[in-house]
Amino acid sequence: QVQLVESGGGLVQPGGSLRLSCAASRIINSFYVMGWYRQAPGEQRELVVTITTLGNTNYADSVKGRFTISRVSAKNTLYLQMNSLKPEDTAVYYCKGSQRINSGRMDYWGQGTQVTVSS
């Protein structure tokens with residue numbers, strides 16, 4: 001079984017910072033790509049950033065320069081450091097890990113953690 005568990009969400013003021021964590025039940029390197037996604041009420045889930053096992057990253061334009069993704073293999077944990085937070089960053093943030101399988105890929109999702117940016 002594979003489980004991803006997010007933590008670190010909460011309420012923060014605009015301009016503040018927050019760090020999200022995603023703990024995996026297996027070695028992170030088993031996921032060829034991992035990422036953070038977010039979904040605001042009434043909106044589609046959107047990509048925030050992805051990172052491959054080689055460390056290649058792909059950030060959404062809306063978070064470039066403010067958010068940083070990192071992998072700590074020793075802890076089997078994925079992090080998202082969020083700085084200069086804006087109200088529009090308010091959403092449920094989800095961790096995703098993808099494994100290659102013979103016929104495609106298998107995606108695993110965490111349950112999400114709420115991030116609210118408000119004065």
Answer yes if [X] and [Y] sit in the same cluster of Ile, Leu, Val, Met, Phe, Trp and Tyr residues linked by side chain heavy atoms under 4.5 Å apart, and no otherwise.
X    : Y   : result
V115 : V49 : yes
L18  : V92 : no
Y59  : M82 : yes
M106 : I51 : yes

* So which residues get pulled into V72's cluster when ILVMFWY side chains under 4.5 Å apart are joined, directly or through others? ->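 For the cluster that includes V72, the remaining residues are Y79.
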Side-chain hydrophobic cluster, 4.5 Å single linkage: members besides I27
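The other cluster members (ILVMFWY side chains, heavy atoms under 4.5 Å, direct or chained): none.
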Kindly say whether [Y] contributes a backbone atom to a donor-acceptor pair with the side chain of [X] at under 3.5 angstrom?
X   : Y    : answer
T90 : V117 : yes
R26 : V2   : no
E6  : Q111 : yes

If you take all heavy atoms of [X] and [Y], which pair is closest and at what distance?
X   : Y   : answer
I69 : T50 : CD1-C, 4.3 Å
S17 : Q81 : CB-NE2, 4.0 Å
G97 : M34 : CA-CG, 4.1 Å
I28 : T77 : CD1-N, 2.9 Å
S62 : R38 : OG-NH2, 3.4 Å
A60 : L47 : CB-O, 3.5 Å

Looking at [X], I want to see if its [atom1] is surrounded by more than 12 non-hydrogen atoms of other residues, nucleotides or ligands under 6.0 Å.
X   : atom1 : value
Q13 : CD    : no
E88 : CD    : yes
Q3  : CD    : no

salt_bridge(K64, D61) N-O dist < 4.0 Å
yes
Nearest 0.5 Å, please: how far is [atom2] in [Y] from [atom1] in [X]?
X    : Y   : atom1 : atom2 : answer
N56  : L54 : CG    : CG    : 5.5 Å
T57  : F67 : OG1   : CZ    : 14.5 Å
S119 : L11 : OG    : CG    : 9.5 Å
N29  : N76 : CG    : CG    : 8.5 Å
L20  : W36 : CG    : CH2   : 4.5 Å

### Query
Which of parallel (below 30°), tilted (30 to 60°) and perpendicular (above 60°) describes F31 and Y108?
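Ring orientation of F31 relative to Y108: perpendicular.
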### ring pair (Phe, Tyr, Trp, His ring centres under 6.0 Å) against Y37, all qualifying residues, sequence neighbours excluded
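Listed in chain order: W109.
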- Does some side-chain heavy atom of L78 sit less than 4.5 Å from a side-chain heavy atom of L4?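 Sidechains of L78 and L4: no contact.
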Please confirm whether R45 makes a cation-pi placement over Y94, using NZ or CZ under 6.0 Å from the six-membered ring centre and within 45° of the ring normal. yes
